[in-house]
Amino acid sequence: MVGDGYRTAGTPLRAAQDEAGVPPGVWKGRGLAAVGLTAGDVVSERQAELLLGEGRHSDADRIERERLAQGKSPVQARRATVLGRPIEHNRSPETDRAKERTPRLGFDLVFRPPPTAHVAWALGGEKARLVLELCQDIARDKTLAWFEDAVAEIRWGSGGKHRKPVRDGLIVAVFRHYESRAAESKPLLYDHAVVSIRARRPDDKGTWGNLSADSLMTHIVAADTLYLLYFMEAVSARLGWAWEPREVTPGRRPVMEIAGIDQRLIGWQSTRRQQIEDALPVLTAKYEEKHGHAPGERAAYALACQAADQTRPPKRTELLSLTELRKRWRTSAIRAYGADAVDRLAERARAAAAAVWTRVRSVVDIALAAVDVVAVVYVMRGAFKRHHLLAEARRHLSYVLRGRPHQVGLDDQIVQAVVDDYTRPLGRGLKMTADLRALYPRDTEDQAVLRPLTRNRSAPPYERARLAAGALAARVRAAQRAERLGPRSRPGAVAVPAASRSHPQPFRTGPKADRPLFLEPEFGIDVDVVEQTRRTFEAAAKLAAKLQDSARERGVVHSPRPQPAPATAPPPHTQQPGTQHTPDRTTGGVA
């Protein structure tokens, strides 16, 4: 609540926040009305202590006084302020041993934009700073609204067997921070959204219960990609900047950054990342020595978290306001890279955006998006669930649109196209896996195109996923091209089967978008895959030619017998109309 600073005993919360240079927290969420709060109200220390520390009503002191005045006992007065089950229940002797622990009363969700947004916010002008903070508010609030509408469930019963959507919404306390915990202060615009676990059940009584923790944690990645999508759109709409992918680690998934901002400033801002990368090789070597092999994706992530914990510096004791921090950051950046890199930051971002917008079309082909999503998720995970597809669909929209707005629900349309056309259930659970028979209905040899890509363990998983996505995208483009040129194709031509059985329609935002377009991916297509596709079309052409030759031979067999040559032969080296001159033959024929 006071940033990374310390608060001495007896110091009021608001005074400590002023000294630390952080704004006061605010309440968010549609569930605030049930506890007498309004979105945008300042979070007081007592409200946070009651709601997030004890699971009680935000105005519990007044309610307790009123119950005592009515003659209620102190236990009854306190029980009237408790939302759901009291936390003392978990400490009573009658409680099962498995529940003898302090209950979880909240979740801390951190909303942090990409590094170039921090750089522009810290080094840009005052207008850019305010606009970027507004974009942060918009993206965060929309993501929390999605949590309320599509994810948040309340559970009750033994083992949480009963689950339904919450009645009102969530209760969230948002606290904004301005700097990282590096030894030398660096800009880091991010929000802590502390979600209360208490929510009302969807019944007539309006009783209180606990949110389903696994539902929230399962959809964290999908929420992260949605937040980034909304943030990119807000920045592009208000500042006119565009976005481009940046490869941080070779072979790994790229991150989206503001186009035109000097990449050196990312290194200046991300000093904590360098500290983690310096400590990571030692931990990786110990892991390989213990297990005898290199760490996989999950193990590498766990080692990175361990390196972050080991290199975490202590909290700073020097507290500065945001104005003082911005002056210090600007001086540091100019000293490192010169005044030109800092002063022309917004100008270069606008110039780079103009170049990006000439290449980007605000159209999404759902058929191509579906095969891209299923290929990446299938290679990365093998078996997957719907929320994995949803997260990848939102990443796909980020890569394709580069900040242009998307239609609400387009990500769900892409996921539904994947589920309908390219997946099959796996076992009795909710998991599924890829089923590419829609693209390869008959050609078993063509189905083997993806096997070398998915089983090449020497390449990073995401690199293999992009190769597989490129192969499937080439197949879908061929199918779309064959459908467009089908009526004009020559007789006997073999058309590639349609890519989607649900026939999704492309999403168009521009008035002149009269045909589906697609932004070419940033990654290339494997040469072997292209060669395999070329051989497939050559085989189809040979088959068509063979069918034409057979038809011609049958026509010759069943045609009328040839007539004798006329008495007066034509002059040498001439040919009568309607006859065919063939060597070693003295009679003409019907072509």
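In this chain, numbering begins with 1 at the start of the sequence shown.
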Side-chain donor/acceptor pairs under 3.5 Å, residues 385-393, sequence neighbours excluded:
residue	atom	partner	partner atom	Å
Arg386	NH2	Gln416	OE1	3.3
His388	ND1	Lys385	N	2.9
His388	NE2	Arg381	NE	3.4
His388	NE2	Arg381	NH2	3.4
Glu392	OE1	Arg253	NH1	3.0
Glu392	OE1	Arg395	NH1	2.9
Glu392	OE2	Arg253	NH1	3.4

Return a table of donor-acceptor pairs under 3.5 angstrom between the side chains of residues 34-45 and protein atoms on other chains or two or more places apart.
residue	atom	partner	partner atom	Å
Asp41	OD2	Thr38	N	3.0
Ser44	OG	Gln47	N	3.2
Ser44	OG	Gln47	OE1	3.4
Glu45	OE1	Arg7	NH1	3.3
Glu45	OE2	Arg7	NH1	3.4
Glu45	OE2	Arg7	NH2	2.9

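Looking at Gln17, its side chain does come within 3.5 Å of a backbone N or O of Met1 through a donor-acceptor pair.
Across all their heavy atoms, Ala193 and Val172 have their closest contact at CB-CG1, 3.8 Å.
Trp146 is linked by a ring pair (Phe, Tyr, Trp, His ring centres under 6.0 Å) to nothing, counting only residues two or more places apart in sequence or in another chain. For Arg350, the side chain to side chain donor-acceptor pair (under 3.5 Å) criterion is met by no residue, not counting sequence neighbours. For His192, the side chain to side chain donor-acceptor pair (under 3.5 Å) partners at least two apart in sequence or on another chain are Asp108. Applying the salt bridge (charged side-chain N to carboxylate O under 4.0 Å, His left out) test to Glu133 and every residue at least two apart in sequence or in another chain returns Arg129.
At a threshold of 4.0 Å, the pair Arg176-Asp137 counts as salt-bridged, since one of the basic side-chain nitrogens sits closer than that to a carboxylate oxygen. A salt bridge does not link Asp168 to Arg30: none of the charged side-chain nitrogens sits closer than 4.0 Å to a carboxylate oxygen. Between Arg56 and Glu64, at least one side-chain nitrogen of the basic residue sits less than 4.0 Å from a carboxylate oxygen of the acidic one, meeting the salt-bridge criterion.
In this structure, Arg404 forms a cation-pi arrangement with Trp357, its terminal cationic atom sitting closer than 6.0 Å to the ring centre and no more than 45° off the ring axis.
Using bins of under 30°, 30° to 60° and over 60° for the plane-to-plane angle, the ring pair Trp243/Phe231 lands in the perpendicular bin.
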